[in-house]
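Read the structure below first, then the notes.
Note that the coordinates shown come from a computational prediction; the quantities given were computed from them, not determined experimentally. Computation of the quantities below employed the complete heavy-atom set of this structure, encompassing side-chain atoms and omitting hydrogens, waters and symmetry-equivalent molecules.
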Amino acid sequence: MNKNQVGYCHICGTYGKLSFEHIPPESALNRKRAKVYTGNDVIKRYAGEKSRYINLQQGMGKYTLCESCNNNTGAWYADVYSEVAKEVAYDLQKRPPLKHGEILTFSMQKLPALVFVKQVVTMFCSLLPLEEVRRLGFDKFLLDKESNTIDKTQFDLRIYLTPANVGQLMVGPCVVSYTAGASIEAICASDLAVYPFGFILNLTPQYPIEYGASLLELFDTKYEETYKMNWSLMYLERTDEILPLPLQFKPL
């Protein structure tokens, strides 16, 4: 890995040396080799054409955060996310293989809900332009670890289940058009999937995405409190041969 990457931190905006941000945290089952495709190469791969990729030996991630933001968000949010991911992965391994579109309900008695969702937002900051991070207020939301102040009318954030031993997916904001009767919906979204979870950040919430479970209620919780949660999560199948574009599963 290049140790001398410089640029603007995707959270605080400081210009300088950037550290490698594991997306999701390395301890959240993100230690294996990952293939990272650009947007154009994802489209080529999806169409069955020859495409290029970046081979990351130590897990999926990008040089996007300054050392301070990387260390702080890691200390404040990463451990909770990792524990939840490993708990759900262990549960899935005990079950029969899931079918595409199947929905499972998971119950958690003491989830640090705000901490979990802040780690998810941290991961998406690495995929979003800094201007978009600031427009959404994600920078202030993350840099104040106890803050739960966010304008939820500007986005939707949803979670689903993704298969094990399948290429990870990390796609920045893309515009995908759908025909909706006599009109066309132009949805801007970012998709991120590393077993066991996939997430989609919808930046055009006026056009709802209905698969998965919304995480918006987690933004109303408090940093030092835990909550009983019941999640009904949809399993969305992917393969190494065909990488899905964001929102491919919208008809579900």
Q.
Can you pull out every side-chain hydrogen bond (donor to acceptor under 3.5 Å, both in side chains) where at least one residue sits in residues 108-124? Sequence neighbours excluded, please.
A. none
Q) Are Y90 and M108 in one and the same hydrophobic cluster, where Ile, Leu, Val, Met, Phe, Trp and Tyr link if side-chain heavy atoms are under 4.5 Å apart? A) no
Q) How about E225: does its CD atom have over 12 heavy atoms from other parts shown lying under 6.0 Å from it? A) yes
(Q) Within the 4.5 Å heavy-atom criterion, are P163 and E237 side-chain neighbours or not? (A) yes
**Q.** Least distance between heavy atoms, M123 atom then L192 atom
**A.** CB-CD2, 3.8 Å
Q. When the ring planes of F199 and F197 are compared, do they come out parallel, tilted or perpendicular, using 30° and 60° as the limits?
A. tilted
Q) Is a side-chain donor or acceptor of T14 paired with a backbone partner of C9 at a separation under 3.5 angstrom? A) no
Q. What pairs with W76 under ring-ring contact (aromatic ring centres under 6.0 Å, His included), at least two apart in sequence or on another chain?
A. none
**Q.** Taking every non-hydrogen atom, the tightest pair across C69 and L143
**A.** SG-CD2, 3.8 Å
Q. Roughly how far, to the nearest 0.5 Å, is NE2 of H100 from CG of L236?
A. 6.0 Å
Q: Keeping the roles fixed (side chain from H10, backbone from L128), state whether a donor-acceptor pair exists under 3.5 Å.
A: yes
Q) What residue pairs, at least two apart or across chains, pass salt bridge (charged side-chain N to carboxylate O under 4.0 Å, His left out) with a residue in residues 140-150? A) none
Q: Could you tell me which residues satisfy ring-ring contact (aromatic ring centres under 6.0 Å, His included) with Y81, sequence neighbours excluded, listed by chain and number?
A: F116
Q. Partners of N70 by side chain to side chain contact (heavy atoms under 4.5 Å, CB included), sequence neighbours excluded?
A. S19, E21, L65
Q) Could you go step by step and tell me if C66 and C12 meet the side chain to side chain contact (heavy atoms under 4.5 Å, CB included) rule? A) CA-CA 8 Å; C66 68; C12 71; 3.7 Å; yes
Q | Atom pair OG1/CG of T162 and L233 - distance to nearest 0.5 Å | A | 12.0 Å
Q) So does Y8 have more than 12 non-hydrogen atoms from other groups sitting under 6.0 Å from OH? A) no
(Q) List the residues meeting ring-ring contact (aromatic ring centres under 6.0 Å, His included) with Y195, not counting sequence neighbours, and say none if there are none. (A) none
Q: Please list all pairs passing the salt bridge (charged side-chain N to carboxylate O under 4.0 Å, His left out) test where one or both residues lie in residues 72-101, with sequence neighbours left out.
A: E83-K86, D91-R95
Q: To the nearest 0.5 Å, tell me how far F124 CZ sits from L203 CG.
A: 9.0 Å
Q: Measure the spacing between CD of Q5 and OG1 of T64 and express it to the nearest 0.5 Å.
A: 10.0 Å
Q) For the residue pair S126 and I23, what are the closest heavy atoms and their distance? A) CB-CD1, 3.4 Å
Q) Residues two or more places apart in sequence or in another chain: which of them pass side-chain hydrogen bond (donor to acceptor under 3.5 Å, both in side chains) with E132? A) R135
Q. Who passes side chain to side chain contact (heavy atoms under 4.5 Å, CB included) against D151, sequence neighbours left out?
A. T153, Q154
Q) Got a sec, which pairs hit salt bridge (charged side-chain N to carboxylate O under 4.0 Å, His left out) with one end in residues 212-224, sequence neighbours left out? A) K152-D220
Q: Could you tell me which non-hydrogen atom of I11 sits nearest to which non-hydrogen atom of C125, and how far apart they are?
A: CG1-CB, 4.1 Å
**Q.** Side-chain donor or acceptor of Y160 paired with backbone N/O of I200 under 3.5 Å
**A.** no
Q. Between atom OG of S147 and atom CG of L114, what is the distance when rounded to the nearest 0.5 Å?
A. 8.0 Å
Q. Can you name the residues that form a side-chain hydrogen bond (donor to acceptor under 3.5 Å, both in side chains) with S214, not counting sequence neighbours?
A. D156
Q: Heavy atoms only: give me the nearest L92-P196 pair and the separation to one decimal.
A: CD1-CB, 3.8 Å
Q: Please step through side chain to side chain contact (heavy atoms under 4.5 Å, CB included) for the pair Y223 and V115, ending with a clear verdict.
A: CA-CA 6 Å; Y223 182 80; V115 180; 3.6 Å; yes
**Q.** Inter-residue atom distance L201.CG - L157.CG, 0.5 Å rounding
**A.** 6.0 Å
Q. Which heavy atom of C188 sits nearest a heavy atom of N202, and at what distance?
A. O-OD1, 3.5 Å
Q. Who passes ring-ring contact (aromatic ring centres under 6.0 Å, His included) against F155, sequence neighbours left out?
A. F138, F219
**Q.** L161 vs F106 side-chain heavy atoms within contact, under 4.5 Å
**A.** yes
(Q) Pair Y77, L142 - check side chain to side chain contact (heavy atoms under 4.5 Å, CB included), show working. (A) CA-CA 9 Å; Y77 315 131; L142 294 175; 4.1 Å; yes
Q) Knowing that exactly one of I159, L104, T105, V88 qualifies, which makes a side chain to side chain contact (heavy atoms under 4.5 Å, CB included) with W231? A) I159
